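Below is one structure; the comments refer to it alone.
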Amino acid sequence: MDIKLIDQNCIIICPNEKKEELIKLFSSSLDYSIKYLSKNELISSLTFSYDDEAILYLLNKGYSFDNALEILNNLNFIKKGNDKLDLLFSIKEELISNNLLKYRPLLKKQIENKKVYIYGYSKEDREITSLLKDYEFIDEDNKRYEHQVLEFENIEDEVTYMFNQICKLVNNKEVESLLDIGILNYPSEYEMILRKYSKFYNMPINFPLDMKLSESPLFNEYISLVKEKESFEDAFESIKEKEDKLNVLPKIINLVNDILDLNYSIDLKISLIKNKARNIKLSNKKYKYGIDIVSSSYRGNKHIFVLGFSLGSYPPIKKDTDFLLDKEKEICELNTSKIENSMSYEKLEKFLFNNKNLHISLKNKIGKKVYFDSLLINRLGYKKVKPILDNERYSLPLSQLEVASYQDLLFNYGIDNKYLYGIDPHSFSYKKYNHKFYPSPLFEFDKEMKISYSQINEYNKCPFSYFIKRICKVDDFEMTFEMKLGELFHKVLEDSLKKEVKKEDYEQEINEKFITDKEKFFVEKLFSQILEVINKNENFKIISSFKNSYGEQNMSYYYDENTILRGIIDKLIINEDDKEVIIVDYKTGGESFNKAYIPHGLSLQLLVYSLLVKNNYPEYSQVGIYIQNVLSNEDNIDKMYKLSGITINENEKLEHLEHALSNYSKYVQGLRKTKNGYQETSRLITNDEFESLVKEADSVIKNTISKIRKGVFDISPIYINGVNKACDNCPLKAVCFKDDDDNRYIKIDQEDLEEEE
């Protein structure tokens, strides 16, 4: 650019990444007074902008946050033309009448009275040119460097070649450091392999942090505190001294400052902040000497690697799927998908023309998926070359993996390979397997974690099973008959709290859920037991002060700063007069509560539910925590479907539990009253004993969470008194290769396991 041809007092419309380039260019002369505007700044200056008040207004009108944004972002050029455009036009008029759109007449006048230049944007961009009356494009001086495209069969060879070339550039002193290397924004399929290979080569790459503000534990803690304290300021006071590695606090301040004085409910403001946080990226710390990811706006002398030069990625193809369709964009003088695609081609061509040191490559396949060449290869006359992969590697771990795969080909198929003898396979224990799990620091990050009783139980039965299912998400889930039966019976019991239930009401669901005649036969046979359970539960209310039953209760609370403990409690039965509660969990599998299992991380469900109720309803005292088995083989009707668990032994409360009890309770296991008072049993404990039990469970939960965060996922299934509690129904037995040394053997005295009646 010849700056002598540029007006000394002017406005330049340019992308933000070009702004620095121009500032350096004009810094040598003090005569120039230049205002720089991006395309978005130009549009908002000559039309309007909006702030949080406009979003809140639309939220209050019933629009979702995403809909509100979509509407506001499509109003700048809106014109009447069809039903959709007419509706948007009326919304714009409504926002104007409520002074919710911000106009900048002084800046508009300034733009109209100064010479305007456009640099770095396409001449086809009608969203710029339609707004300006007088303007001049500054053309980029295209150098038209010629390049070739390297063709690889697969993505592994392509990425390996790139990393080897970078190492050679450094070794041969063609670059001073990794600061002279860049990677162009790549297609999504390269994300994981680039991260993996950067570790193989010990080569730092400044990957963007793929994390939004809404995913930050500190942000979510702040939102919880706002709800609790009903104050944005007080909540911030509680977190402002906390460690903030990701620079979250300044972003919270910016979000909150904009909405503090607006006259809307706190719930609506919270909704706005949470939704805006979904679109705010957190910044990552950069390596001082690392490889940068660059955009197609880059111009310079770096060696840039362009990966995956395939159709659909270079350039990306935009389809006519936007909120405003192309026919509507034509009416409003907006860029259609055809124009957008043409501008993408133009921008990419300029990048290719103006960067000398480009290393362009493509792959033909990933697995069975075939990739086709970018149309730009023929359009620009580039030659495709199949490079020779030499046997030189700069990564020992990658070399070992390659040699091992070649050894597999030789061993299994007799295929020899010229790279096979680069490393002695015995030097890295080829064909030797250690099935032990080694903790990974990956799980030590302080990110928010939600955990339930079932996850805690799963971990303590076998940590490796938890790792495969919960961390790796590998679980071949199959709905068994027992699961379907339990799901149906839970639904019926839930319904019974709201209405009278009849078997015929569930015929359609039974026919859909249970396929075989055998399954239907057993459901028919067992359904009557559910009706007996419901009848017994209703009779219990008659002789008890606990009259009000509440079905499935989804509860959670922050167990620690970054961990949410959650659970779904099947039933709470409330004595409203005395503010007392009993907790009930339904079981169809004959399970029981056993205090002796608690130190080993099992049988914690009722105590987890106790913690949830205590933290969500602290004003209610707990009288009992119970399991109710809703399928029974018991012949004695009085013993069937009893509540089995723990009752807190306080005489007055026990009287509330069951009035006029004179012998064994028909409803609560382990509850018996004689002429001398309530009989002591292992199921009837004092309040101090109960608190001690909850404290013990709390300690086990803390220890479990700590191990999960530290990545301790040993293959160690638990055996209690010789009985395997983990493996019998585990679908993952084929992948753990456990041996006897892995098993955890727990011995519990038989008398501690005995159940009392």
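Excluded from the calculations below are hydrogen atoms, water molecules and symmetry mates; all remaining heavy atoms, backbone and side chain alike, are included. Note that the structure is a prediction, hence the values are computed from the model and not measured.
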Inset, instruction - For Glu658 and Lys673, run salt bridge (charged side-chain N to carboxylate O under 4.0 Å, His left out): C-alpha distance rounded to whole Å, both residues' side-chain angles, the deciding distance at 0.1 Å, then the answer. - result: CA-CA 10 Å; Glu658 189 168 343; Lys673 190 176 183 183; over 6 Å; no
Legend entry - side chain to side chain contact (heavy atoms under 4.5 Å, CB included) assessment of Ile451 paired with Leu565: CA-CA 5 Å; Ile451 195 162; Leu565 185 65; 4.0 Å; yes
Legend entry - Steps toward side chain to side chain contact (heavy atoms under 4.5 Å, CB included) verdict (Phe464, Ser716): CA-CA 7 Å; Phe464 186 70; Ser716 57; over 6 Å; no
Inset, instruction - With side chain to side chain contact (heavy atoms under 4.5 Å, CB included) as the test, would you mind laying out the steps for Ile471 and Phe713 before giving the verdict? - result: CA-CA 10 Å; Ile471 306 298; Phe713 300 115; 4.1 Å; yes
Inset, instruction - Could you give me the CA-CA distance, side-chain angles and deciding distance for Val613 and Tyr620, then say whether side chain to side chain contact (heavy atoms under 4.5 Å, CB included) is met? - result: CA-CA 8 Å; Val613 171; Tyr620 285 85; 5.5 Å; no
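Proximity of Ile627 to Leu643: side-chain heavy atoms (C-beta onward) are nowhere separated by under 4.5 Å. Between Asp570 and Val584 the shortest side-chain heavy-atom distance does not fall below 4.5 Å. Side chains of Asn457 and Gln605 form no contact here, defined as non-hydrogen atoms less than 4.5 Å apart. Contact annotation: the side chain of Tyr459 approaches that of Val712 to within less than 4.5 Å [non-hydrogen atoms, C-beta and beyond]. In this structure the side chain of Asn663 reaches within 4.5 angstrom of the side chain of Arg672, judged on heavy atoms. No side-chain heavy atom of Asn275 sits less than 4.5 Å from a side-chain heavy atom of Leu59. Residues Leu488 and Val492 have side chains in contact (heavy-atom distance under 4.5 Å, counting atoms from C-beta outward). Side-chain atoms of Val248 and Glu221, non-hydrogen and from C-beta on, never get closer than 4.5 Å to each other.
Checked against Leu684 for a side-chain contact (heavy atoms from CB on, under 4.5 Å), the options Ile646, Val668, Leu654 give a single hit: Leu654.
Atom CD1 of Ile569 and atom CE of Met555 lie 4.0 Å apart (nearest 0.5 Å). For the atom pair CD (Glu494) and NZ (Lys491), the distance works out to 9.5 Å, reported to the nearest 0.5 Å. Atom CD1 of Ile542 sits about 12.0 Å away from atom NE2 of His659, to the nearest 0.5 Å. Once rounded to the nearest 0.5 Å, the distance linking CZ of Phe546 with CD of Glu576 reads 10.5 Å. Taking OG of Ser644 as the start and NZ of Lys587 as the end, the distance is 12.0 Å to the nearest 0.5 Å. Note that NZ of Lys579 and CG of Asp577 are 9.0 Å apart. Values are rounded to the nearest 0.5 Å.
Of all heavy-atom pairs between Pro217 and Asn562, the closest is CB-OD1, 3.2 Å. The shortest non-hydrogen separation linking Tyr222 to Phe232 is OH-O, 3.0 Å. The two residues Leu282 and Lys212 make their nearest non-hydrogen contact at CD1-O, 3.8 Å. Heavy atoms only, all atoms of each residue included: Cys462 and Ala726 are closest at CB-CB, 4.1 Å. For the residue pair Gly645 and Arg683, the shortest heavy atom distance occurs at O-NH1, 3.4 Å. Of all the heavy atoms in Lys461 and Arg744, the pair that sits closest is O-NH2, 3.1 Å.
When the ring pair (Phe, Tyr, Trp, His ring centres under 6.0 Å) test is applied to Tyr609, no partner is found at least two apart in sequence or on another chain. Under the side chain to side chain donor-acceptor pair (under 3.5 Å) criterion, Ser465 pairs with no residue, sequence neighbours left out. Every residue meeting the ring pair (Phe, Tyr, Trp, His ring centres under 6.0 Å) condition with Tyr586, not counting sequence neighbours, appears here in chain and number order: His490. Applying the ring pair (Phe, Tyr, Trp, His ring centres under 6.0 Å) criterion to Phe540, with sequence neighbours excluded, gives Tyr667.
Here side-chain hydrogen bond (donor to acceptor under 3.5 Å, both in side chains) pairs that include residues 695-704, with residues two or more places apart or in two chains, are Asn460-Thr704, Tyr559-Asp698, Asp698-Lys702.
A donor-acceptor pair is defined here as one N or O able to donate and one able to accept, closer than 3.5 Å; no such pair exists between the side chain of Glu691 and the backbone of Asp688. At least one donor-acceptor pair closer than 3.5 Å links the side chain of Asp51 to the backbone N or O of Glu53. Between the Lys666 side chain and the Lys536 main chain, no donor and acceptor come within less than 3.5 Å of each other. The main-chain N or O of Leu657 is found under 3.5 Å from a side-chain atom of Ser544 such that the two form a donor-acceptor pair.
Remark: Glu500 CD is loosely packed, at most 12 non-hydrogen atoms of other residues, nucleotides or ligands lying under 6.0 Å away. Around the CD atom of Glu233, the shell of radius 6.0 Å holds more than 12 heavy atoms that belong to other residues, nucleotides or ligands.
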Which pairs would a plain distance check flag for residues 251-270, meaning a side-chain donor or acceptor within less than 3.5 Å of a matching protein atom at least two apart in sequence or in another chain?
{"residue": "Asn254", "atom": "ND2", "partner": "Pro250", "partner atom": "O", "Å": "3.4"}
{"residue": "Asn257", "atom": "ND2", "partner": "Ile253", "partner atom": "O", "Å": "3.4"}
{"residue": "Ser265", "atom": "OG", "partner": "Leu268", "partner atom": "N", "Å": "3.2"}
{"residue": "Lys269", "atom": "NZ", "partner": "Ile259", "partner atom": "O", "Å": "3.3"}
{"residue": "Lys269", "atom": "NZ", "partner": "Leu260", "partner atom": "O", "Å": "3.0"}
{"residue": "Lys269", "atom": "NZ", "partner": "Leu262", "partner atom": "O", "Å": "2.8"}

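Judged purely by distance below 3.5 Å, without hydrogens or angles, the side chains of Gln553 and Asn616 never pair a donor atom with an acceptor atom. Looking only at atom types and distance, the side chain of Lys653 has a donor-acceptor partner in the side chain of Ser621 under 3.5 Å away. No hydrogens or angles considered: nothing links the side chains of Glu689 and Ser692 as a donor-acceptor pair under 3.5 Å. Remark: the Gln669 side chain and the Tyr664 side chain contain no N/O donor-acceptor pair separated by less than 3.5 Å.
Taking 4.0 Å as the cut-off between side-chain N and carboxylate O, Lys707 and Asp714 do not count as a salt-bridged pair. Under the 4.0 Å criterion applied to side-chain N and carboxylate O atoms, Lys242 and Asp244 are not assigned as salt-bridge partners. Between Lys541 and Glu538 there is a salt bridge, since at least one side-chain N of the basic residue sits less than 4.0 Å from a carboxylate O of the acidic one.
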